[in-house]
K.L.:
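Here's a structure for you.
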Amino acid sequence: MDVTHCYLEGNADAVEFCPHDSYYHVLAASTYTLQEGDQPSRSGSISLFNVDAELGRLELSHRVDTAGIFDIKWSPARSTVCPSLAQADADGYLRVYSLESGSSGGEALEGSLIEINAEKISSSMCLFVDWNPSATCISVGLSDGSISIISLRESQFDICQEWKAHEFELWTTSFDIHQPQLVYTGSDDFKFSCWDLRDRPSKLVFQNSKVHKMGVCCIAKSPSDTNLVHTGSYDEHLRVWDVRSIVKPVSETSICLGGGVWRIKHHPSVPGLVLAACMHNGFAVVKTRGEEPPEVIETYSKHESLAYGADWQRGDWCRKGQNNGSVVVTCSFYDRLLRIWTTQSNLVA
């Protein structure tokens, strides 16, 4: 069911609800707009919204103009006292903002982003960003196929490691939330890899180059099953991997979603439920059950452009008599559209 929508100032590519208690209503959305010409430029922005799905409310509270952004990511829930938002941008910068609340001199600061650190970590573009579970390290995927591991100490960045992980663009990097010494990477070279950060330089644990038929766009460890990792690819497939044998993971099941699987997000409270942004084929809610074939239980096609960003809102929506639906945010690129909607399916069936 559609709740509300708005248009952003630039091409919309990432959306993230804040996962921290008391901030579930805060939504961040980022943009990337290429200005072509003799001197091309890449501009972007982060917009913060206050969302109340019950009242159909989507209120812009703050906006930051930036370089073109490829990815944003909130620090994990309960990892920091104050929520932090990391940004990976086209100028090769990693930026981290603090979400400020309260008041100063009578001026309300609820939902303001304050930059706490910024560092140019590469001459290449920063394509993807991920936090480790304790929010002490950030991994960044780069357009030259490299990965950077940056530690955060008292708001200071320290590049701990950087290495050439892939031959082409490194579209995604993901810490293993159960074994944070491991980090997964995926690239335009079709390869799905895992690295052990305890070694210097990081040791390649495995690399699969045969299963994905096109570039690997996204990787997400299952929060409810320590053995499962999900990947999405330009080849239009969502895959579920069993990593119990970490040196030789097994591609257990897969499903074709009819469009390149650019982003996947696990439901915050329903095990095995995944929200997928499928580029040319809208958005899909997929139920995965270990060794059983994944099943699409709902699709959403109210966008007219590339489906790039998607996320679930946390909180107690299900307990408010809303037929077990969940609040979802999605965005599409060229039409600059952001939509809030609720799922129609009984997700816990």
Side-chain angles (χ1 to χ4, degrees), residues 10-14 30-36 40-44 66-73 86-95 119-131 138-150 159 161-175 183-195 201-202 204 206-220 229-239 259-264 276-280 305-310 331-334:
N11 298 336
D13 61 357
S30 67
T31 66
Y32 170 96
T33 304
L34 175 63
Q35 305 289 344
E36 298 185 285
S41 63
R42 297 175 174 89
S43 62
T66 69
I69 296 174
F70 282 97
D71 194 35
I72 52 174
K73 198 68 55 65
Q87 162 193 323
D89 71 36
D91 285 351
Y93 274 82
L94 170 67
R95 299 179 187 273
E119 186 168 330
K120 187 176 179 66
I121 62 170
S122 177
S123 58
S124 299
M125 294 185 289
C126 295
L127 303 181
F128 194 89
V129 61
D130 190 44
W131 298 80
I138 293 176
S139 61
V140 180
L142 303 172
S143 60
D144 68 354
S146 299
I147 179 174
S148 289
I149 306 296
I150 294 101
I159 301 178
Q161 299 188 57
E162 184 172 303
W163 70 95
K164 184 81 169 179
H166 292 270
E167 299 170 46
F168 303 117
E169 288 90 342
L170 200 157
W171 288 122
T172 183
T173 169
S174 178
F175 283 100
V183 63
Y184 302 100
T185 57
S187 167
D188 244 12
D189 60 11
F190 304 5
K191 294 176 182 177
F192 167 42
S193 305
C194 178
W195 309 84
S202 292
L204 181 63
F206 73 77
Q207 187 170 79
N208 186 292
S209 59
K210 297 180 179 179
V211 172
H212 299 96
K213 306 307 178 187
M214 298 180 73
V216 181
C217 305
C218 52
I219 302 169
V229 175
H230 295 62
T231 62
S233 170
Y234 283 128
D235 67 13
E236 303 185 352
H237 281 76
L238 170 69
R239 292 180 172 87
V261 184
W262 182 251
R263 286 289 179 270
I264 47 178
C278 306
M279 297 184 72
H280 294 284
S305 181
L306 289 171
Y308 268 174
C331 72
S332 44
F333 194 65
Y334 292 112

K.L.:
Atom OG of S187 and atom CD of Q207: how far apart are they, to the nearest 0.5 Å?
P.N.:
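Spacing of OG (S187) from CD (Q207) equals 9.0 Å.
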K.L.:
Hey, does I150 have a side-chain heavy atom less than 4.5 Å from the side chain of I159?
P.N.:
yes
K.L.:
Compare every heavy atom of V216 with every heavy atom of K191, then report the nearest pair and how far apart it is.
P.N.:
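Closest heavy-atom pair between K191 and V216: O-CG2, 3.7 Å.
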K.L.:
I need the minimum non-hydrogen distance between W195 and S202, along with the two atoms involved.
P.N.:
CE3-O, 4.0 Å
K.L.:
Do the side chains of Q161 and I147 get nearer than 4.5 Å, heavy atoms only?
P.N.:
no
K.L.:
Would you check, one step at a time, whether the test side-chain contact (heavy atoms from CB on, under 4.5 Å) holds for Y184 with F206?
P.N.:
CA-CA 9 Å; Y184 302 100; F206 73 77; 4.1 Å; yes
K.L.:
Going through the distances and angles, do D71 and R263 end up as a side-chain contact (heavy atoms from CB on, under 4.5 Å)?
P.N.:
CA-CA 11 Å; D71 194 35; R263 286 289 179 270; 3.7 Å; yes
K.L.:
So, using side-chain hydrogen bond (donor to acceptor under 3.5 Å, both in side chains) as the criterion, who are the partners of S139 when residues are at least two apart?
P.N.:
T173
K.L.:
Check L204 against S193 and note the closest heavy-atom contact, atom names and distance.
P.N.:
CD1-CB, 4.1 Å
K.L.:
Kindly give the heavy-atom pair with the smallest separation between I264 and A276, and that separation in Å.
P.N.:
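Taking I264 first and A276 second, the nearest heavy atoms are CG2-CB, 4.0 Å.
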K.L.:
How many angstroms lie between CD1 in I149 and CD in E162, if you round to the nearest 0.5 Å?
P.N.:
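One gets 9.5 Å once the value is rounded to the nearest 0.5 Å.
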K.L.:
Give the intermediate values and the outcome of side-chain contact (heavy atoms from CB on, under 4.5 Å) for residues V183 and C194.
P.N.:
CA-CA 6 Å; V183 63; C194 178; over 6 Å; no
K.L.:
Could you state the interatomic distance from NZ (K164) to CG (L142), rounded to the nearest 0.5 Å?
P.N.:
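So the NZ of K164 and the CG of L142 are separated by 9.5 Å.
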K.L.:
Do C331 and D13 have side chains that get closer than 4.5 Å, going by heavy atoms?
P.N.:
no
K.L.:
Can any side-chain N or O of S148 pair as donor or acceptor with the backbone N or O of V140 at less than 3.5 Å?
P.N.:
no
K.L.:
If you define the side chain from C-beta out and look only at heavy atoms, does anything of D91 sit under 4.5 Å from R42?
P.N.:
no
K.L.:
Angle class for the H212/F192 ring planes (parallel below 30°, perpendicular above 60°, tilted otherwise)?
P.N.:
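If you compare the ring of H212 with that of F192, the planes turn out perpendicular.
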K.L.:
Quick check for you: to the nearest 0.5 Å, what is the distance between M214 atom CE and H237 atom NE2?
P.N.:
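Reported value, rounded in 0.5 Å steps: 12.0 Å.
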K.L.:
May I ask you to decide whether R239 forms a salt bridge with D235, counting only side-chain N to carboxylate O separations under 4.0 Å?
P.N.:
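Looking at R239 and D235, the cut-off is met.
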K.L.:
Taking all heavy atoms of L94 and all of A86, pick out the closest pair and write down the distance.
P.N.:
CD1-CB, 4.4 Å
K.L.:
With a 4.5 Å heavy-atom cut-off, do W171 and F128 have their side chains touching?
P.N.:
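W171 vs F128: side chains apart.
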K.L.:
Are Q87 and T66 close enough, and set up right, to give a side-chain contact (heavy atoms from CB on, under 4.5 Å), and what steps lead you there?
P.N.:
CA-CA 10 Å; Q87 162 193 323; T66 69; 3.7 Å; yes
K.L.:
Any non-hydrogen side-chain atom of V129 less than 4.5 Å from a side-chain atom of F70?
P.N.:
no
K.L.:
For residues H280 and L306, determine if any side-chain heavy atom of one lies less than 4.5 Å from a side-chain heavy atom of the other.
P.N.:
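When only atoms from C-beta onward are counted, L306 and H280 do touch, with a gap below 4.5 Å.
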K.L.:
What's the shortest heavy-atom distance between G145 and L170, and which atoms?
P.N.:
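Closest approach of G145 to L170, heavy atoms only: O-CD1, 3.6 Å.
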K.L.:
Tell me every residue that passes side chain to side chain contact (heavy atoms under 4.5 Å, CB included) with S143, counting only those two or more places apart in sequence or in another chain.
P.N.:
S124, M125, L127, E169
K.L.:
Look up atom CG in L34 and atom OG in S41, then write down how far apart they are to the nearest 0.5 Å.
P.N.:
7.5 Å
K.L.:
Going from CD on Q35 to OG1 on T33, what distance comes out if it is rounded to the nearest 0.5 angstrom?
P.N.:
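So the gap between those two atoms works out to 6.5 Å.
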K.L.:
Is any side-chain heavy atom of C217 closer than 4.5 Å to one of Y234?
P.N.:
yes
